[in-house]
Amino acid sequence: MDLTTHATGYACINLTLQANKVTTNRGMIKKTFSEKGIAYASELALKNVQDLLKIVDWNLENGFGLFRISSDIFPWASEYRLVDLPDFPDIWATLKKIGSRPIRLTIHPGPFNQLAGQGKTLDNTIKDLETHSELFDLMGLKPSHWNKINIHVGGTYGDKAATLTRFAQNFNLLSDNLRARLTVENDDRLSLYTVTDLVSLYERTGIPIVFDYFHHHLNPGYQTEKEAFMTAYNTWDVRPVFHYSDSRQLHEDPQARREAHADWLYSTVNTYGKEVDIIFECKMKELAVQKLIHQ
DNA sequence: TCATGTCAAGTCTGC
DNA sequence: GCAGACTTGACATGA
């Protein structure tokens, strides 16, 4: 490992603890939510949050200074306010404990968020993103890119430039705390957004760019890895969080889609002499990171 | 307990 | 035209 990389982390699931039923992904299908409602959502959310505390503490005991929280902690969060959950006092108390731990927490809302969207799509996006920001508020986390809420720009609607302009306009509809936390990530598909594409958004909004190494290799635009890394690095006002994964097609299964992540990690990460925190995205989660570091 | 079919949201890709 | 994928499989049902 490049020792200038400051903290390492992984996304959403801890396989070691999951084997003991410790998970933050309890949820339910629509039918169950319509039958059992917010009371059951609250029950699951409390369990999810309590297990998040266990995962965070496991991370600290095992040298992980960074962790991506799952977006599935609050089932059907679009349908209620967090403060209305019957177990809210217990949930909040647990969240405050989590927020007080010396670990860098981030989150990555799903692909349904289309900040450049319109109408109901945009309304739903704002609600979802604000709920993520509220989660960090409840943890007592100061609004900044240190605890990033990272999304992709989303679709292009057939016109990247016009879509980025709309994204920048809609960014102004968000709360101060959310705007202080939001970051954007480069995409893996050729039709979507490269680091260079995102620079124009940064120049208009100040939104930092999360550099995803693997996505860059699949969709480099005209920049080398080092150029794209530095371009993204220079958009940050705190130590950046970048994403790393290896190719499944290259390392594990020639038949795999080119965008598929490998289960494990195979390469060291070049951080070009800069201090960067890395989230490793791989199916084998913390086990893959431990294996990489100890090899 | 276990196998299996099913599952909110938006957009794009590949079959 | 539709399933699959996306940062992460988990839930519900019936045997």
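So that the names make sense, note that chain A is the first sequence line, chain B the second, and so on, each numbered from 1. Remember, predicted model here, so these are calculated numbers, not experimental data.
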What's the gap between [N] and [M] when it is taken at their [atom1] atoms, as a whole Å value?
N	M	atom1	value
C:dT7	B:dG5	C1'	25 Å
C:dC2	B:dC7	P	15 Å
B:dT11	C:dG9	P	24 Å
C:dG4	B:dT6	C1'	14 Å

Counting any heavy atom closer than 4.0 Å, what does [X] reach on the DNA or RNA strands: base, sugar-phosphate only, or nothing?
X	value
A:Glu35	nothing
A:His152	sugar-phosphate
A:Phe33	nothing
A:Thr125	nothing
A:Gly154	nothing
A:Gly110	base

Could you tell me if [X] sits above the aromatic ring of [Y], with its cationic atom closer than 6.0 Å to the ring centre and no more than 45 degrees from the axis?
X	Y	result
A:Arg166	A:Tyr157	yes
A:Arg104	A:Trp146	yes
A:Lys274	A:Phe229	no

Using atom [atom1] of [X] as one end and atom [atom2] of [N] as the other, report the distance to the nearest whole Å.
X	N	atom1	atom2	result
A:Gln249	B:dG14	CD	P	12 Å
A:Asp123	B:dG10	CG	C1'	14 Å
A:Asp159	B:dC12	CG	P	12 Å
A:Asp72	C:dC11	CG	C1'	12 Å
A:Leu218	C:dA5	CG	C1'	14 Å
A:Ile151	C:dT7	CD1	C1'	13 Å
A:Arg26	C:dC11	CZ	P	8 Å
A:Ile13	C:dC6	CD1	P	13 Å

(Q) Strictly distance-based, threshold 3.5 Å: is any side-chain N or O of A:Arg179 a donor or acceptor partner for the main-chain N or O of A:Asn172? (A)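 Side chain of A:Arg179 to backbone of A:Asn172, a donor-acceptor pair under 3.5 Å: no, none is there.
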(Q) Tell me whether the ring of A:Phe112 lies stacked over the B:dG10 base, given a 5.5 Å limit on centroids and a 30° limit on the plane angle. (A)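 Per 5.5 Å and 30° rule: no stacking.
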Ignoring backbone atoms, test whether [X] places a side-chain nitrogen or oxygen under 4.0 Å from the OP1 or OP2 oxygen of [N].
X	N	answer
A:Thr156	B:dC12	yes
A:Gln18	C:dG9	no
A:Thr32	C:dA12	yes
A:Asn25	C:dA10	yes
A:Lys283	C:dG9	no
A:Arg258	B:dT13	no
A:His215	C:dT7	yes
A:Thr121	B:dG10	yes

Sidechain N-carboxylate O distance under 4.0 Å for [X], [Y]:
X	Y	result
A:Glu281	A:Arg68	yes
A:Arg181	A:Asp137	yes
A:Arg26	A:Asp51	yes
A:Lys120	A:Asp123	no

Q | A:Tyr10/A:Phe67 aromatic ring centres below 6.0 Å | A |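 A:Tyr10 vs A:Phe67: aromatic centres under 6.0 Å.
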(Q) Taking the nucleotide of DNA chain C with the nearest heavy atom to each, does A:Cys12 or A:Met28 sit closer to the 5' end? (A)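 Nearer the 5' end of the strand: A:Cys12.
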Q: Name all stems that contain residues of DNA chain C, defined as runs of 3 or more consecutive Watson-Crick or G-U wobble pairs, both distances under 3.5 Å.
A: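 Only these stems qualify: B:1-7 with C:9-15, B:10-15 with C:1-6.
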